[in-house]
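Let me begin by presenting the structure, written as structure tokens, before commenting on it.
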Amino acid sequence: MTIKVFVPQDSSAISVGADQVAAKIRAKLQTINGIELIRNGSRGLFWLEPMVEVETAEGRVAYGPVTASDVDSLLEQGLLDGAQTHTLSLGLTEEIEFLKKQQRLTFKRAGIIDPTNLDDYKAHGGYKGLERAITMSAQECVDEVKASGLRGRGGAAFPTGIKWQTVLDTPGEKKYIVCNADEGDSGTYADRLQMEADPFGLIEGMTIAAIAVGADKGYIYLREEYPHAHQRLNEAIEKAFDANLLGDDVLGSGHNFDLEVRLGAKSYICGEETALLESLEGKRGEVRAKPPLPAIEGLFGKPTVVNNVLSLSTISIIFEQGAEAYASFGMGRSLGTMPFQLAGNLKRCGLVELAFGVTLNQLLNDFGGGSASDKPLRAVQCGGPLGTYLPESQWDIEMDYEALAGISGVLGHGGVVAFDTTVDMSEQARFSMEFCAEESCGKCTPCRIGATRGVETIDKVRANTDREANLILLTSLCNTMESGSLCAMGGMTPYPVKSALEHFNEDFFLPTVEETSTAEGSLPTAEGSQTIEISIDSIKKAGTSS
Amino acid sequence: MIANTKQQAVLLAIDENKHLEGALLPILHRIQHDLGHIPSEHVIDIAEALNLSRAEVHGVITFYHSFKTEPRGKHVIEVCRAESCQAKGGRAIEAAVKAKLEIDFDQTTDDGEITLEPVYCLGNCACSPAVKIDSQLYGRVTEESVSDLIDSLKAEQH
Ligand SMILES: Cc1cc2nc3c(=O)[nH]c(=O)nc-3n(C[C@H](O)[C@H](O)[C@H](O)COP(=O)(O)O)c2cc1C
Ligand code: SF4
Ligand code: FES
């Protein structure tokens, strides 16, 4: 019998030495027959990467984090038999607490299968969903998505079934399925992990979408920063064409579906769906005014489904297991599971897929293991660079769309970035503005000019130049950006800034040398200073004068 | 066909991609990949092939961070400036790299060897802080490990 050894080919695993580990193992095993080295995706237990697994009669056992220099001793101590005496032994993979406590649906194959091996994919439930979809009518397919309760996992959480219904109902010879694989949010990596570990899952989901709405062409708009995902997707697409799972008359269904990957070019705003469509058309990634919705006038003016990688990958699971099974997870209007991504200063960073409703505290402590440094955690940013910073008093929040919105928080694409007490929240607020200034598409003034003014204003606050007046100005600037921006880039950049001001006010009042002796408490707070209105015009003037 | 001149590389990129829907980005990616930048004297060729104005093509080139109008160094170091990396000491890495190379972001060392660029998330946030050197991604880096990586780039050239 062949012994299977697994070493992930995931980008993150490679970034910490997985290729060297694989090369060393391969060299060592050349002389032994009956051993197969498989480059799987990651299970998402990143603090253990590179995590090597070996198949045994009891199941797969794991070792990690492994470096190339550990390979000799691992082999000597019986790696190939799954022996568990080595200090890097982790026991049965499925029994690792971090993984065992999860509810993996979208990521059920991640790290388990050989990513571009179609037989392996099928052996794990792959293409059962598509086989079912081709026996259903278009409307039945859309109804299935509606019944699942799936909401877009890209950030805006719009009900996927309703979006598909609009595209189905819009007449058109040509319709498109576009996968948003731009994954620009810092602190998130689930799309990447999924595309690298289970590319057929996405391809199958897009094919089901095409059948449901009557589209015959699909694009995956992939960020250029993900070359491994690019390679994996292209390989899988080629195999799917060869197996008649893409192309003309897919599985004899009468439906044609052609699929292609297109690369982004380092622009955060191109993750916004209308900017993405402009970019796919070969233009500057400037946000379009809505309406018209992309579902009605999307790519090249045609009805277009734009969905995130995780939304589309989840479609395969919903069609395989049934809408009801999927909707039995979650709470309230947030049904199913959410892949949370733990990042920043946590002991155990990785992917946690769970039903909605887990608390942030559970994610940070039970899964994340708390602070990775010797300092306690202080601030957590949820939902990417446009998400609010949450102080400890809010960490008991249940992670669902509505609950977070209730505290002006953002769930977004599921990123959770933890900071310890060394963080300077005025510096973080400055960065939010700087990022917006850097990545704004430039279409509207409050965002384009406001963000630059925001950086300057925070700089003055930090330098204690006219601090009180500048704090007042900053708050008004935030309000102007929130109310006067065309899209969430300008509209939500104030979220992290305002949350820093509200919950970490002290960081904007670092005492200067002269001040250390004066009494505290007389300083103004941000809340008390919202009275001065700054019009868009005055920002515009300020902008053009510089 | 092998491109011997800039002109040939540009024409090849146009030829291979102009039949695509939304062909401009694929063309620019190909030229950027082959030549390391988009030579301004050839913008006209791209514009003519796609029935666009020169200003339109220029507008697209300048919109995206990936497309460069000037050649970069032989090696490119990208340091992640985004939040997860910040939380793990990314700012110190950034400062150390700048100090070591004696350049700021978007600059190239005097010998034309190394260009330094900021990047906003490499999707390696579970192994922050992260940097990328040419096509290789590195995670859990320290000031020392990045310094060593730079030294090995420098050693390569001798
Ligand atoms: C500034 C900005 C950036 C965005 N970036 C992304 C992104 O990188 N990936 C993504 O899937 N959605 C992103 N979105 C959300 C998309 O506009 C859109 O809602 C999403 O692609 C729809 O797919 P879904 O319904 O499956 O989530 C972004 C939105 C904004 C305003
Ligand atoms: S808010 Fe900013 S990014 Fe969005 S459309 Fe306006 S300028 Fe563009
Ligand atoms: S924030 Fe640096 S890799 Fe994501």
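In what follows, chains are A, B, ... by sequence order, proteins preceding strands, each numbered from 1.
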More than 12 foreign heavy atoms under 6.0 Å from [atom1] of [X]: is that the case here?
| X | atom1 | result |
| --- | --- | --- |
| A:Lys302 | NZ | no |
| B:Asp110 | CG | no |
| B:Glu70 | CD | no |

Testing the basics here: between [X] and [Y], what is the closest heavy-atom pair and its distance to 0.1 Å?
| X | Y | value |
| --- | --- | --- |
| B:Ala82 | A:Phe431 | CA-CZ, 4.1 Å |
| A:Asn345 | B:Ala87 | CB-O, 3.8 Å |
| B:Leu122 | A:Tyr226 | O-CE2, 3.7 Å |

- Item | Stepwise side-chain contact (heavy atoms from CB on, under 4.5 Å) test for A:Val423 and B:Gln86 | CA-CA 9 Å; A:Val423 69; B:Gln86 291 167 1; over 6 Å; no
Measuring heavy-atom distances to chain B, does [X] have an atom under 4.5 Å in its side chain, in its backbone, in both, or in neither?
| X | value |
| --- | --- |
| A:Pro227 | side chain |
| A:Ala372 | side chain |
| A:Arg223 | side chain |
| A:Leu263 | both |
| A:Ile14 | both |
| A:Ile269 | side chain |
| A:Glu281 | backbone |
| A:Cys270 | side chain |
| A:Ser12 | both |
| A:Ser373 | neither |
| A:Glu196 | neither |
| A:Glu260 | side chain |

- Tell me, with the steps shown, if A:Glu438 and B:Arg81 meet side-chain contact (heavy atoms from CB on, under 4.5 Å). CA-CA 12 Å; A:Glu438 185 71 19; B:Arg81 292 196 66 210; over 6 Å; no
- Does the separation of the ring centres of A:Tyr268 and B:Tyr120 fall below 6.0 angstrom? no
Looking at [options], which has the largest count of heavy-atom pairs under 4.5 Å with chain B?
| options | value |
| --- | --- |
| A:Ser432, A:Ala418, A:Gly264 | A:Gly264 |
| A:Ala13, A:Ser279, A:Cys441, A:Gly184 | A:Ser279 |
| A:Arg348, A:His228, A:Gln341, A:Gln381 | A:Gln381 |
| A:Glu49, A:Glu286, A:Glu183, A:Lys217 | A:Glu49 |

- Verdict with supporting geometry, A:Lys266 and B:Tyr64, side-chain contact (heavy atoms from CB on, under 4.5 Å): CA-CA 6 Å; A:Lys266 293 212 181 101; B:Tyr64 296 96; over 6 Å; no
- Query: Under 4.5 Å, heavy atom to heavy atom, which residues of residues 40-60 of chain B contact chain A?
  - Reply: B:Gly59, B:Val60
- Item | Sorted by number, residues from residues 129-140 of chain B in contact with chain A (heavy atoms, under 4.5 Å) | B:Lys132, B:Gln136, B:Leu137, B:Tyr138, B:Gly139, B:Arg140
- To the nearest 0.5 Å, what is the distance between SG (B:Cys125) and CZ (A:Arg192)? 8.0 Å
- Atom CZ of A:Arg284 and atom CG of B:Leu24: how far apart are they, to the nearest 0.5 Å? 12.0 Å
- Applying a strict 4.5 Å limit to non-hydrogen atoms, the region of B:Phe67 in contact with chain A is side chain
What I'd like to find out is whether the side chain of [X] reaches to under 4.5 Å of the side chain of [Y], using heavy atoms alone.
| X | Y | result |
| --- | --- | --- |
| B:His65 | A:Glu439 | yes |
| A:Ser186 | B:Ser84 | no |
| B:Cys121 | A:Asp185 | no |

- Message: Quick check on the interface: out of B:Gln32, B:Arg91, B:Lys88, who has the most heavy-atom pairs with chain A under 4.5 Å?
- Response: B:Arg91
- Query: Any idea which of B:Cys80, B:Gly89, B:Gly22 has the most non-hydrogen atom pairs under 4.5 angstrom with chain A?
  - Reply: B:Gly22
- Task: Indicate yes or no: does A:Arg262 engage B:Glu21 in a salt bridge with an N to O separation below 4.0 Å.
- Result: no
- Query: Should B:Glu83 and A:Phe419 be marked as a side-chain contact (heavy atoms from CB on, under 4.5 Å) after you check the CA-CA gap, both sets of side-chain angles, and the distance that decides it?
  - Reply: CA-CA 9 Å; B:Glu83 281 88 347; A:Phe419 293 78; 4.0 Å; yes
